[in-house]
Asks: 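Here it is, the structure in full.
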Amino acid sequence: PEWEGTKAIMFRSPDGKRVAGTFRESATATMTYPCDEFSYVTAGSIKAHVHGGETFTLKTGDCVYFTKGQTVDFECSEDYANVSVFFGTEPVTIV
């Protein structure tokens, strides 16, 4: 409910532990990661504040890796889009 936008799942492994997709999102939200995520920004920008860590802004062409258990505050630009791959020890349910 915090995230507004669209998604397209490009791949889901048979066991559901690996998922790849494209996302167009516009939101300000906080997320605690239930799995690992590699994300590549394809448009716009996103500001991320990792609880207990740093704050940074990713722009088109940048990539990031978040790990399971990290809590991150996000602020997306209106035109933010990305390609992400999610990895988990359990089936991935966030996408």
Side-chain angles (χ1 to χ4, degrees):
E2 295 177 310
W3 297 96
E4 299 172 11
T6 59
K7 66 181 176 183
I9 302 304
M10 300 182 304
F11 171 80
R12 184 180 300 271
S13 65
D15 63 5
K17 296 178 182 179
R18 294 176 311 281
V19 177
T22 61
F23 303 85
R24 185 167 290 281
E25 301 168 314
S26 175
T28 300
T30 299
M31 179 175 175
T32 299
Y33 276 86
C35 62
D36 290 1
E37 175 189 8
F38 171 82
S39 185
Y40 176 81
V41 180
T42 58
S45 64
I46 186 169
K47 182 178 180 181
H49 168 72
V50 179
H51 292 207
E54 61 185 295
T55 297
F56 52 91
T57 300
L58 299 164
K59 297 178 181 175
T60 302
D62 291 338
C63 59
V64 66
Y65 193 94
F66 294 109
T67 58
K68 180 179 180 177
Q70 283 185 306
T71 300
V72 184
D73 300 323
F74 292 105
E75 186 177 332
C76 303
S77 66
E78 291 292 322
D79 60 341
Y80 176 68
N82 69 72
V83 174
S84 292
V85 180
F86 301 90
F87 308 87
T89 55
E90 301 294 324
V92 176
T93 59
I94 62 170
V95 293

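Just the heavy atoms: all of them, side chains too, but no hydrogens, waters or symmetry mates, feed the values below. These figures come from a predicted structure and were not determined experimentally.
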Asks: Nearest 0.5 angstrom please: K7 NZ to R24 CZ, how far?
Replies: 16.0 Å
Asks: Please report the shortest heavy-atom distance between A48 and V72, naming the atom on each side.
Replies: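 Of all heavy-atom pairs spanning A48 and V72, the closest is CB-CG1, 3.9 Å.
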Asks: For T32 and G69, indicate whether the former's side chain and the latter's backbone hold a donor-acceptor pair under 3.5 Å.
Replies: no
Asks: If you round to the nearest 0.5 Å, how far is CZ of F87 from SG of C35?
Replies: 9.5 Å
Asks: Apply side chain to side chain contact (heavy atoms under 4.5 Å, CB included) to D79 and list each qualifying residue two or more places apart in sequence or on a separate chain.
Replies: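 Once residues adjacent in sequence are excluded, the partners of D79 under the side chain to side chain contact (heavy atoms under 4.5 Å, CB included) criterion are S77.
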Asks: Could you tell me whether a side-chain N or O of D36 sits under 3.5 Å from a main-chain N or O of K68, the two making a donor and an acceptor?
Replies: yes
Asks: Once rounded to the nearest 0.5 Å, what's the spacing between atom OG1 of T60 and atom CD1 of I46?
Replies: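 Going from OG1 on T60 over to CD1 on I46, the span is 12.0 Å.
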Asks: With distance as the sole criterion, is a donor-acceptor pair present between the side chains of S84 and E37 under 3.5 Å?
Replies: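 Their side chains do contain a donor-acceptor pair, which is all the 3.5 Å distance test asks for.
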Asks: As an exercise, state the distance from OH of Y80 to OG of S26, rounded to the nearest 0.5 Å.
Replies: 11.5 Å
Asks: Decide side-chain contact (heavy atoms from CB on, under 4.5 Å) for K47 and T55; before the verdict, give the C-alpha distance in whole Å, the side-chain angles of both, and the deciding distance to 0.1 Å.
Replies: CA-CA 7 Å; K47 182 178 180 181; T55 297; 3.7 Å; yes
Asks: Run the side chain to side chain contact (heavy atoms under 4.5 Å, CB included) test against E90 and tell me which residues pass, sequence neighbours left out.
Replies: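 Partners of E90 under the side chain to side chain contact (heavy atoms under 4.5 Å, CB included) test: none.
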Asks: State which residues pass ring pair (Phe, Tyr, Trp, His ring centres under 6.0 Å) with Y65; sequence neighbours excluded, sorted by chain then number.
Replies: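 Ring pair (Phe, Tyr, Trp, His ring centres under 6.0 Å) check on Y65 returns nothing, list empty.
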Asks: List in chain and number order the residues that pass side chain to side chain contact (heavy atoms under 4.5 Å, CB included) with P91, two or more places apart in sequence or in another chain; answer none if no residue qualifies.
Replies: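 By the side chain to side chain contact (heavy atoms under 4.5 Å, CB included) rule, P91 matches no residue at all.
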Asks: Count I, L, V, M, F, W, Y as connected when their side-chain heavy atoms are under 4.5 Å apart, and connections chain through other members. Are V85 and M31 then in the same cluster?
Replies: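 They do not share one cluster, since no chain of ILVMFWY contacts under 4.5 Å joins V85 to M31.
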Asks: With sequence neighbours left out, which residue pairs that include part of residues 31-51 fulfil the ring-ring contact (aromatic ring centres under 6.0 Å, His included) condition?
Replies: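 Counting only pairs at least two positions apart or across chains, the ring-ring contact (aromatic ring centres under 6.0 Å, His included) contacts touching residues 31-51 are Y33-F66, H49-H51.
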Asks: Among Ile, Leu, Val, Met, Phe, Trp and Tyr joined by side-chain contacts under 4.5 Å, find the other residues sharing a cluster with M10 and list them by chain and number.
Replies: V83
Asks: Going by distance alone, is a donor N or O of one side chain under 3.5 Å from an acceptor N or O of the other, for T42 and N82?
Replies: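 No, no side-chain donor-acceptor contact under 3.5 Å.
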Asks: Would you say V64 ends up clustered with V41 if hydrophobic residues are merged whenever their side chains have heavy atoms under 4.5 Å apart, either directly or through other cluster members?
Replies: yes
Asks: Would you say S13's side chain and R18's backbone share a donor-acceptor pair under 3.5 angstrom?
Replies: yes
